[in-house]
2 protein chains.
Amino acid sequence: MELASVARPPDTSEMIEVSQAGTVERVYRGILRDLEEGRMVPGQRLVETDLATRYAVGRNAVREAMQRLAARGVVDLARNRSPAIRWLDRAETLEVLDVAEAMTALALRSAASRYDRERDSAALQKTMELLLEADRIDEIGAFSRARRHFYRVLLEIGGNRELQRLYPAIGMHIIYAQYQTRRLRGIRLADYRAIIDAVSLGDAAGAEQAGRTHVDHVRASIPHDAPAG
Amino acid sequence: MELASVARPPDTSEMIEVSQAGTVERVYRGILRDLEEGRMVPGQRLVETDLATRYAVGRNAVREAMQRLAARGVVDLARNRSPAIRWLDRAETLEVLDVAEAMTALALRSAASRYDRERDSAALQKTMELLLEADRIDEIGAFSRARRHFYRVLLEIGGNRELQRLYPAIGMHIIYAQYQTRRLRGIRLADYRAIIDAVSLGDAAGAEQAGRTHVDHVRASIPHDAPAG
DNA sequence: TGCTGCAAGATTGTGGAACAATCAATTGGA
DNA sequence: TCCAATTGATTGTTCCACAATCTTGCAGCA
């Protein structure tokens with residue numbers, strides 16, 4: 001062991017990443033990931049002991065993660081009932097989108113006005129490439145990851161820490177998981193392209209408008225009839 | 001016990017309230033209350049065992065409450081460190097206010113356009129009375145409660161459940177606790193009055209503007225020099 | 001004096017046992 | 001067929017144990 005350790009020192013950049021992430025974090029991220037990749041669906045019940053074994057942690061960690069997820073609007077907690085992944089009826093879906101519109105407008109206005117070509121150009125371009133790449137391949141969750149990256153980069157450019165904290169708390173995760181984002185990718189890509197272009201020009205009003213237009217497109221893609229798309 | 005029970009049946013409306021609120025809820029609300037009433041201050045360290053004895057619960061409940069409070073932006077969690085009540089430097093305070101402005105604008109637009117005199121008039125009037133009452137007496141926390149009630153009523157009129165969920169997650173609690181809302185009550189009351197008037201008229205644009213003006217007033221009251229007001 | 005480093009104490013991280021309280025499903029009876 | 005009681009599953013809560021980590025204070029040394 002000594003020798004092996006000397007021969008190939010452990011990759012601390014990875015080790016720290018893994019060891020620093022506590023058990024609560026593991027459950028928290030695991031559930032978000034499982035939701036994003038379709039292994040869990042809105043409405044699904046989550047049994048504490050199942051999750052404990054699934055993520056190889058104690059029941060404690062599961063309960064703490066549930067509180068965190070509940071505060072983030074990912075699960076619903078009801079006393080003496082198994083937590084359930086949040087489910088949105090059509091009305092509440094539209095309410096979520098109204099909030100998303102306002103927050104996105106602020107985020108994009110902020111990003112456009114603080115955009116600095118020197119500093120941000122590369123990141124934005126990379127983001128568009130990831131979206132195109134994710135669109136080409138058809139792996140489940142790849143597009144979700146690219147989209148998440150897209151918003152993260154824009155929020156970072158905008159620099160508003162409170163917005164960075166709150167934006168992911170909007171119930172968009174649930175919408176994405178509940179209404180399968182089928183065949184609309186073409187439209188979406190054009191939206192994202194328009195947003196990136198406006199931000200790249202430092203055009204705050206244009207970026208805000210592009211964001212609102214995008215949310216409108218998502219709104220229009222919510223079916224009128226079926227409870228779940 | 002049988003006879004006593006028959007003679008005076010227990011007040012279930014109170015009992016349910018008490019028994020339904022679990023231990024996590026007790027800690028969660030307790031800390032928000034203590035923060036609101038000045039018994040805790042931003043930056044303060046919270047030791048698990050102290051909180052456990054303070055609220056007469058187990059360490060588990062405290063930890064679950066911490067996760068919830070962290071997701072709500074009330075405390076900061078760092079690994080192997082005692083949780084601390086969130087502290088805002090001046091820059092982040094202004095960022096919080098930018099988010100608050102956008103969300104308040106949406107909330108008031110929504111409330112004004114959905115306002116129904118028959119249904120909402122009494123609640124709005126009561127709200128203003130509470131604000132005036134809280135302004136007159138000088139009990140610590142009374143004004144905070146009245147303000148909280150004010151926003152709750154407006155959010156209910158607006159009817160957007162996602163906004164009702166997210167609005168209290170904005171870091172205004174911290175701002176109120178950190179920058180003592182001294183001697184500005186006169187101005188604040190006029191602001192609230194203007195908001196209520198606009199909403200009562202169903203004037204969405206006016207209500208939104210009144211909200212933005214109010215946030216501007218709060219912004220202007222943040223001192224430039226001292227880290228803590 | 002002032003600094004370094006170590007040792008002791010305090011605090012968090014985590015799992016697990018135990019038991020009450022409550023819910024859900026099934027079964028038995030009217 | 002429908003109601004009700006039992007039973008099994010699940011959550012709510014506390015307490016304990018122990019490792020990991022941080023903090024503090026003290027002692028020794030330059």
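Order of the sequence lines fixes the chain letters, A, B, ..., with proteins taken first and strands second; residue numbering starts at 1 for each chain. For the numbers below, each heavy atom of this structure counts, side chains included, while hydrogens, waters and symmetry mates do not.
- The listed nucleotides are dT13(D), dG13(C), dT10(D); the one nearest the side chain of Thr23(B) is dT13(D).
- Side-chain contact between Leu46(A) and Asp50(A) is absent, with no heavy-atom pair separated by less than 4.5 Å.
- Using a 4.0 Å heavy-atom cutoff across all strands shown, Ala52(B) reaches no nucleic acid atom at all.
- Counting to the nearest Å, the C1' atom of dC22(D) and the CZ atom of Arg45(B) are 10 Å from each other.
- Between Thr49(B) and dA10(C) there is no side-chain N or O to OP1 or OP2 distance below 4.0 Å.
- Checked against dT13(D), dT12(C), dG15(C), the side chain of Arg79(A) finds its nearest nucleotide in dT13(D).
- Following rounding to the nearest Å, Glu48(A) (CD) and dT13(D) (C1') show an atom-to-atom distance of 11 Å.
- Ranking dG12(D), dG13(C), dT14(D) by closeness to the Arg63(B) side chain, first place goes to dG13(C).
- A donor-acceptor contact shorter than 3.5 Å links the side chain of Gln178(A) to the backbone of Leu88(A).
- No contact: Leu77(B) has no heavy atom under 4.0 Å from any strand.
- Taking the nucleotide of DNA chain C with the nearest heavy atom to each of Asp50(B) and Glu64(A), the more 5' of the two is matched to Asp50(B).
- A donor-acceptor contact under 3.5 Å is formed by the side chain of Arg59(B) with the base of dT14(C).
- For Ser82(A) and dT10(D), the shortest distance from a side-chain N or O to OP1 or OP2 is not below 4.0 Å.
- Both the sub-6.0 Å distance and the 45° axial angle are not jointly satisfied by Arg26(A) relative to the ring of Tyr55(A).
- The side chain of Asn80(A) lies closest to dC23(C), out of dG15(C), dC22(D), dC23(C).
- Looking only at distances, no side-chain donor or acceptor of Glu37(A) sits under 3.5 Å from a matching main-chain atom of Ile140(A).
- Between the CZ atom of Arg26(B) and the P atom of dG12(D) there is a distance of 15 Å, given to the nearest Å.
- For Tyr55(A) and dG13(C), the OH to C1' distance is 20 Å, given to the nearest whole Å.
- Remark: the Asn60(B) side chain and the dT14(D) base include a donor-acceptor N/O pair separated by less than 3.5 Å.
- Atom CG of Leu51(B) and atom P of dT11(C) are 12 Å apart (whole Å).
- Judged by distance alone, the side chains of Tyr167(A) and Asn160(A) never bring a donor and an acceptor atom under 3.5 Å apart.
- Between Arg81(B) and dT23(D) there is a side-chain N or O to OP1 or OP2 distance below 4.0 Å.
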